[in-house]
Protein chains: 2
Amino acid sequence: MRQPHEVFLDYLRRRNLNMTPQRAVIVETFLATEGHFSCEELCTMVRKADAAIGQATVYRTLKLLVDSGLAEPLLAGEGPVLYEHSYGHGHHDHLVCLNCNGKIEIVDQVIEDQQEQLAREHGFTLTRHSMILYGLCPRCQNSDHRKD
Amino acid sequence: MRQPHEVFLDYLRRRNLNMTPQRAVIVETFLATEGHFSCEELCTMVRKADAAIGQATVYRTLKLLVDSGLAEPLLAGEGPVLYEHSYGHGHHDHLVCLNCNGKIEIVDQVIEDQQEQLAREHGFTLTRHSMILYGLCPRCQNSDHRKD
DNA sequence: TTTTATGCAAAACTTTTGCAGCGGG
DNA sequence: CCCGCTGCAAAAGTTTTGCATAAAA
């Protein structure tokens, strides 16, 4: 399997864009960060490596990462858009706890197949999808630490 | 089945809030509007009925509508959050065309059941979910009017 | 009279854009 | 030399908040 770094370089080449020191730092930081984070948060982490990198550059580069297929936005609603890297993770959906905000990755082939089937019935060609299940995780069901 | 109007009044009572002329106009306009719309758009429509109603009041009331279960936010990503009324429509998910932005409502019992099953496997108690399938609708697959 | 609602304008928050200057091919 | 890249700061788009006033309980 091709390394994410390679994937990004190929993408830049295809788009006639250049690798730059800033982009290198941002991509490296992005790949080294697990979990879900906003662009603002990525920005903060990038600046630990190089404080001179502008916020706009991080936004612009994250957009390239999404376009290249390495990053995926998680549209959960409130606040800023969260991202995660899709490289080496495979596709997955999310189970989100409404209380502690914890996120579990889930995959279900039955659902994936059914989604394709549904799209076909309506003549759609599917590109991607987003499925988020909201509820209470086991811990929060039994704890008194409810937000409400 | 209880009328949406009643549902809202009950909600207000439960929260010790009052029905007001402004809220009445906003709820009425909201219920009379089909499809998906942003709060800004609702605001414009509300003002056709009463130009003196402030934008903040519309935002505040729409929040109450969501809380009361009459309105549902559709978290599709770009731009403002879109809403629809959930009263009398039953639960459904969406098939969204990436080109023309058209939205089709879909329901699939197999998927719904599987979601419950998945949640159970992880010990989650599900409250709600959001599933959006993105792709190209039949019209846009065959047309030259692509955005890109 | 005490609480709740409202409208306005300002603020907040996230993301995008304009622009002048820099730098690599 | 040209074109892309960058940082900065300003702008844009959407939603929330503070506050003084008005209305309701």
Side-chain angles (χ1 to χ4, degrees), chain A residues 8-9 11-30 36-68 71-83, chain B residues 8-30 36-68 71-84 101 147:
Chain A
F8 192 61
L9 285 178
Y11 168 79
L12 291 180
R13 268 192 285 277
R14 238 177 304 124
R15 298 269 316 255
N16 268 86
L17 302 174
N18 309 311
M19 179 48 97
T20 66
Q22 289 91 336
R23 284 178 182 163
V25 171
I26 294 167
V27 171
E28 211 178 310
T29 306
F30 167 76
H36 306 96
F37 46 87
S38 66
C39 194
E40 238 4 276
E41 286 165 345
L42 178 61
C43 202
T44 302
M45 292 184 288
V46 161
R47 279 172 165 160
K48 283 180 186 156
D50 181 345
I53 294 180
Q55 167 216 45
T57 302
V58 178
Y59 272 90
R60 287 187 275 233
T61 304
L62 189 43
K63 211 165 250 199
L64 297 180
L65 283 164
V66 169
D67 209 38
S68 73
E72 196 153 327
L74 172 66
L75 305 168
E78 302 277 292
V81 178
L82 300 184
Y83 297 85
Chain B
F8 192 61
L9 285 178
D10 279 0
Y11 168 79
L12 291 180
R13 267 193 285 276
R14 240 177 301 124
R15 297 269 315 255
N16 269 85
L17 302 173
N18 308 313
M19 178 48 97
T20 66
Q22 289 90 338
R23 285 179 181 161
V25 170
I26 294 167
V27 171
E28 211 178 308
T29 307
F30 167 75
H36 306 96
F37 45 87
S38 65
C39 193
E40 239 2 279
E41 286 165 345
L42 178 61
C43 202
T44 303
M45 294 184 288
V46 161
R47 280 172 164 159
K48 283 180 188 157
D50 181 346
I53 294 180
Q55 167 215 46
T57 302
V58 178
Y59 272 90
R60 288 187 276 232
T61 304
L62 188 44
K63 210 166 251 198
L64 297 181
L65 283 164
V66 170
D67 209 37
S68 74
E72 197 154 324
L74 172 66
L75 304 168
E78 303 276 293
V81 178
L82 300 184
Y83 297 84
E84 62 186 351
N101 212 31
K147 268 185 191 164

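We name chains A, B, ... by the order of the sequence lines, and we start the count at 1 in each one.
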From [atom1] of [X] over to [atom2] of [N], roughly how many Å is that when rounded to an integer?
{"X": "B:K63", "N": "D:dT14", "atom1": "NZ", "atom2": "C1'", "value": "12 Å"}
{"X": "A:I53", "N": "D:dG7", "atom1": "CD1", "atom2": "C1'", "value": "11 Å"}
{"X": "A:E41", "N": "C:dT15", "atom1": "CD", "atom2": "C1'", "value": "15 Å"}
{"X": "B:R23", "N": "D:dA24", "atom1": "CZ", "atom2": "P", "value": "12 Å"}
{"X": "B:Q55", "N": "D:dT16", "atom1": "CD", "atom2": "C1'", "value": "10 Å"}
{"X": "B:E40", "N": "D:dG13", "atom1": "CD", "atom2": "C1'", "value": "9 Å"}
{"X": "A:N18", "N": "C:dG24", "atom1": "CG", "atom2": "P", "value": "11 Å"}
{"X": "A:Y59", "N": "D:dG13", "atom1": "OH", "atom2": "C1'", "value": "13 Å"}

Can you find a donor-acceptor pair, distance only, under 3.5 Å between A:R15 side chain and D:dG4 base?
no
Is any N or O donor-acceptor pair between the side chain of B:R60 and the base of C:dG7 shorter than 3.5 Å?
yes
[Y] side chain reached by [X] side chain, heavy atoms, under 4.5 Å:
{"X": "B:V81", "Y": "B:C39", "result": "no"}
{"X": "B:Y83", "Y": "B:L42", "result": "no"}
{"X": "B:V46", "Y": "B:V25", "result": "yes"}
{"X": "A:L65", "Y": "A:V27", "result": "yes"}

Examine [N]: is either OP1 or OP2 under 4.0 Å from a nitrogen or oxygen in the side chain of [X]? Give yes or no.
{"X": "B:T57", "N": "C:dG7", "result": "yes"}
{"X": "A:T20", "N": "D:dG4", "result": "no"}
{"X": "A:Q22", "N": "D:dG7", "result": "yes"}

More 5' along DNA chain D: B:M19 or A:L12, using each one's nearest nucleotide?
A:L12
Determine whether a donor-acceptor pair (N or O, by modelled atom type, separation under 3.5 Å) exists between the side chain of A:R23 and the backbone of A:T61.
no
